[in-house]
> 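I have a structure I would like to understand better, so I am pasting it below and will then ask my questions one at a time.
So that the names make sense, note that chain A is the first sequence line, chain B the second, and so on, each numbered from 1. What you see is a predicted model, and the numbers here were worked out from it, not measured in a lab.
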Number of protein chains: 2
Amino acid sequence: MSEKVTSLQVAERAGVSQSAVSRYFTPGGSVSKATAAKVKKAAEELGYRPNVLARAMVSGRSRIIGLVIADLKNQFYPMALELLSRALQERDYQVLVFFAENSTESVEPVVQRLLDYQVDGIITASVAVSNHLTERCTAAGIPVVMFNRGQDDARLSSVTTDNVAGGRMAANFLVGGGHARIAHIAGWQGATTGRDRTLGFVEGLRDLGHEMVAMEDAMYDRDRAAEIARTMFSGADRPDAVFVGNDYMALSVMDVLRFELGLSIPDDVSVLGYDDVPLADWPTYQLTTIRQPVNRMVTATVDTLLDRIEGDIEPRQILISGSLKIRASARRPKGFTA
Amino acid sequence: MSEKVTSLQVAERAGVSQSAVSRYFTPGGSVSKATAAKVKKAAEELGYRPNVLARAMVSGRSRIIGLVIADLKNQFYPMALELLSRALQERDYQVLVFFAENSTESVEPVVQRLLDYQVDGIITASVAVSNHLTERCTAAGIPVVMFNRGQDDARLSSVTTDNVAGGRMAANFLVGGGHARIAHIAGWQGATTGRDRTLGFVEGLRDLGHEMVAMEDAMYDRDRAAEIARTMFSGADRPDAVFVGNDYMALSVMDVLRFELGLSIPDDVSVLGYDDVPLADWPTYQLTTIRQPVNRMVTATVDTLLDRIEGDIEPRQILISGSLKIRASARRPKGFTA
DNA sequence: GCGCGCTTTGCAAGCGATTGCAAGGTCAAT
DNA sequence: ATTGACCTTGCAATCGCTTGCAAAGCGCGC
């Protein structure tokens, strides 16, 4: 039934050798105008297209990029996935997705399977990679770039925003806004993103002579963030500002503050997020946040990966600077115009 | 550099033939306990794993499923993508994603590339497929199943909810709630989902002796929906209820009604959506909606696809029934308890 | 000890392309 | 007309595996 058309059939119909057909479809292959025309005609008549898998076997390039991702609930990632995939598609690569849990143990078998598929490169989105795995990939000559997650390993490329600087921005903005009791609902401290944002925030506060009145790790989980907000803000001397580890959780926190605790934002409490997901701009939330420039992150990721695949460049750790996106969820410092 | 381990190397180290190694890794391959043990040992020492691509070449099965998707902004699709991918992963298939625009012309080249990758099957999520393409896929023996989109073509499988019935539910609920001026901001009328929901809604109203006071196609676009809401509800005799073609747009409509027009939901206007995306349940929105059971849709999709790949079953058009999920965005009919 | 059936094994032919190599062609310069 | 440089072309090996086929091995009843 499945009438596969092969280069051989095209060759016969065109009256040329099979290699000629192959050459016609290989960029830079040496074919005369005449043969090219014959092959083109025959190929079109037969509806022939080269078999990527066969090509992959002999050339050793599959034009497949493995993308490991933990979850799509946080609105930042669907966006990243779409942009990454589209950017790669434009460069004639395709993305093979693999879902993992957010633990190194669960990533291990997933990456194994990735390698089975002979991917040309791997992007991990918000997922950490064990040393053992890094070795395997390095040994197999497959470049890895971590998207929105860092790791202290020179063999791994990574693209992140400057989370420490971002945390500092948050501190400056909240202190500048005249807040006295500043709290922090942190991103997962098991990830560099979470840790660095927290670190920058703490440092920033300290530099301005402030200290957090409360802090809790919500592990990038919506429900956990809500739970923490509930207890953190129910006491009498509740915080008057909170920096949340990412937007996804910040929105949850806003919901709790307004709908469960009846607080008003930003009059009673200022809320600051991190990421700038599309929802942050919706009228209901108008979340002030540290913006991660997804487009630039994606471009950097794709460039780094393809450079490493096509040339043999060294791994790069890229740091992109974020910026403060001011909306209405946090009191604005006097004279703050940026 | 890239030290690929092949079955031949394993064979040598184990002191058996290369076929024996292959058989060991083929489920159902005939190998004695003794050889199995030798192969296992050698394979582990060398870190050998079969090359999926090479296997695909000879067996004709790549264990890759192509997923064509138009956009991830509507929160229904990230969810679907994740569930589909996880379900397939569990059955030892992987998903190769392809982004397309929502027009048949743009889908064409995308599916071409899919075929180049020798995928075993194709899932299209909310994307239509041209006849020409259907033919190519049928000719190549590659089953296609459309997720959340129907099409009148017996060669295509599809999984949708009963959108007509859903539209009727919406009509019943709004009429039952005592609304007099009922409007409709429709899903894209170029898609079966949009048309069917509208159709069911119109029929449902008519059966109850009602008629829409306004209707407009918002093409599943957030901004367009907002724009339409703005004009539709700014007149003096504005509607007192609106059924929106999906949740993604409904949330936008709610934002406009409340924040721009200062209307109160559901006191001034009742809003009804379709899908039941996670956001619909967030306290800010509490959107009453027609629920599409994603889990069941995904299971049905995966089952249909794999049945067709593995057996040689006929295409199936599966209709799953949705249900009304009552929250707070629409006035509830008296005595309505369900 | 021989023959029969069943399982296990190895050989070798593909799967559909790419690519190095050498042969054949073309064309300009001599 | 002859030569050499250069472009085209075809041959055949190769990528890493699966699988049909026939030979080998094994256990068992006679």
Side-chain angles (χ1 to χ4, degrees), chain A residues 2-40 42-43 46-64 92 115-120 140-141, chain B residues 1-40 42-43 46-64 92 113 115-120 140-141:
Chain A
S2 45
E3 29 171 291
K4 301 243 168 184
V5 186
T6 72
S7 57
L8 197 60
Q9 298 172 38
V10 177
E12 273 163 15
R13 175 176 264 255
V16 299
S17 78
Q18 182 265 334
S19 337
V21 178
S22 169
R23 292 205 167 92
Y24 173 73
F25 283 98
T26 308
S30 114
V31 263
S32 67
K33 288 238 167 77
T35 351
K38 283 192 282 184
V39 173
K40 178 165 195 275
L46 260 38
Y48 168 78
R49 313 219 60 202
N51 180 330
V52 178
L53 263 37
R55 175 177 289 180
M57 274 222 55
V58 31
S59 70
R61 315 252 74 130
S62 60
R63 305 203 78 83
I64 298 180
D92 268 326
L115 296 178
D116 297 352
Y117 277 89
Q118 312 298 116
V119 295
D120 287 347
Chain B
M1 204 85 339
S2 44
E3 31 171 290
K4 300 242 170 189
V5 185
T6 73
S7 57
L8 196 60
Q9 297 172 38
V10 177
E12 272 164 15
R13 176 178 266 256
V16 299
S17 77
Q18 182 266 332
S19 340
V21 177
S22 168
R23 291 203 168 93
Y24 173 73
F25 282 99
T26 308
S30 116
V31 263
S32 67
K33 289 239 166 79
T35 6
K38 282 191 282 184
V39 173
K40 180 166 194 276
L46 260 37
Y48 168 78
R49 313 219 61 202
N51 179 330
V52 178
L53 264 37
R55 175 177 289 179
M57 275 222 54
V58 29
S59 70
R61 314 252 74 131
S62 60
R63 305 202 77 85
I64 297 181
D92 268 328
R113 295 200 50 196
L115 297 178
D116 296 351
Y117 277 89
Q118 312 296 114
V119 295
D120 287 346

> Heavy-atom distance under 4.5 Å between the side chains of Leu115(A) and Arg49(B), does that happen here?
no

> Could you measure the distance from the OG1 atom of Thr35(A) to the CZ atom of Arg23(A)? Nearest 0.5 Å is fine.
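The CZ atom of Arg23(A) is 10.5 Å from OG1 of Thr35(A), to the nearest 0.5 Å.
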
> Can you sort out the partners of Tyr48(B) under ring pair (Phe, Tyr, Trp, His ring centres under 6.0 Å), two or more places apart, ordered by chain and number?
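In terms of ring pair (Phe, Tyr, Trp, His ring centres under 6.0 Å), with neighbours along the sequence ignored, Tyr48(B) is linked to Phe25(B).
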
> Answer yes or no: is there a side-chain heavy-atom contact under 4.5 Å between Val31(B) and Val39(B)?
no

> Rounded to whole angstroms, how far apart are CD on Gln118(A) and C1' on dG16(D)?
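Going from CD in Gln118(A) over to C1' in dG16(D) covers 9 Å.
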
> For the CD atom of Glu12(B) and the OG atom of Ser7(B), what is their distance to the nearest 0.5 Å?
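Output value for this atom pair is 10.0 Å.
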
> Give me the atom names and distance for the closest heavy-atom approach of Ser62(A) to Gln118(A).
OG-O, 2.7 Å

> Output a table of nitrogen or oxygen pairs between the protein and nucleotides 17-23 of chain D separated by less than 3.5 Å.
from: dC17(D); atom 1: OP1; to: Tyr48(B); atom 2: OH; distance (Å): 2.7
from: dC17(D); atom 1: OP1; to: Asn51(B); atom 2: N; distance (Å): 3.0
from: dC17(D); atom 1: OP2; to: Ser7(B); atom 2: N; distance (Å): 2.5
from: dC17(D); atom 1: OP2; to: Ser7(B); atom 2: OG; distance (Å): 3.0
from: dT18(D); atom 1: OP1; to: Arg55(B); atom 2: NE; distance (Å): 2.6
from: dT18(D); atom 1: OP1; to: Arg55(B); atom 2: NH2; distance (Å): 3.0
from: dT18(D); atom 1: OP2; to: Ser22(B); atom 2: OG; distance (Å): 2.2
from: dT18(D); atom 1: O4; to: Gln18(B); atom 2: OE1; distance (Å): 3.4
from: dG20(D); atom 1: O6; to: Arg23(B); atom 2: NH2; distance (Å): 2.7

> Hey, does Leu53(A) have a side-chain heavy atom less than 4.5 Å from the side chain of Met57(A)?
no

> Please find the earliest and latest nucleotides of DNA chain C, in the 5' to 3' direction, that have an atom within less than 4.0 Å of any heavy atom of chain A.
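First-to-last contact on DNA chain C, by the 4.0 Å heavy-atom rule, is dG16(C) to dC21(C).
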
> Is any side-chain heavy atom of Val10(B) less than 4.5 Å from a side-chain heavy atom of Tyr24(B)?
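Answer no - side chains too far apart.
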
> Checking all strands, does Val16(A) fall into the base, sugar-phosphate, or nothing category for heavy-atom contacts under 4.0 angstrom?
sugar-phosphate

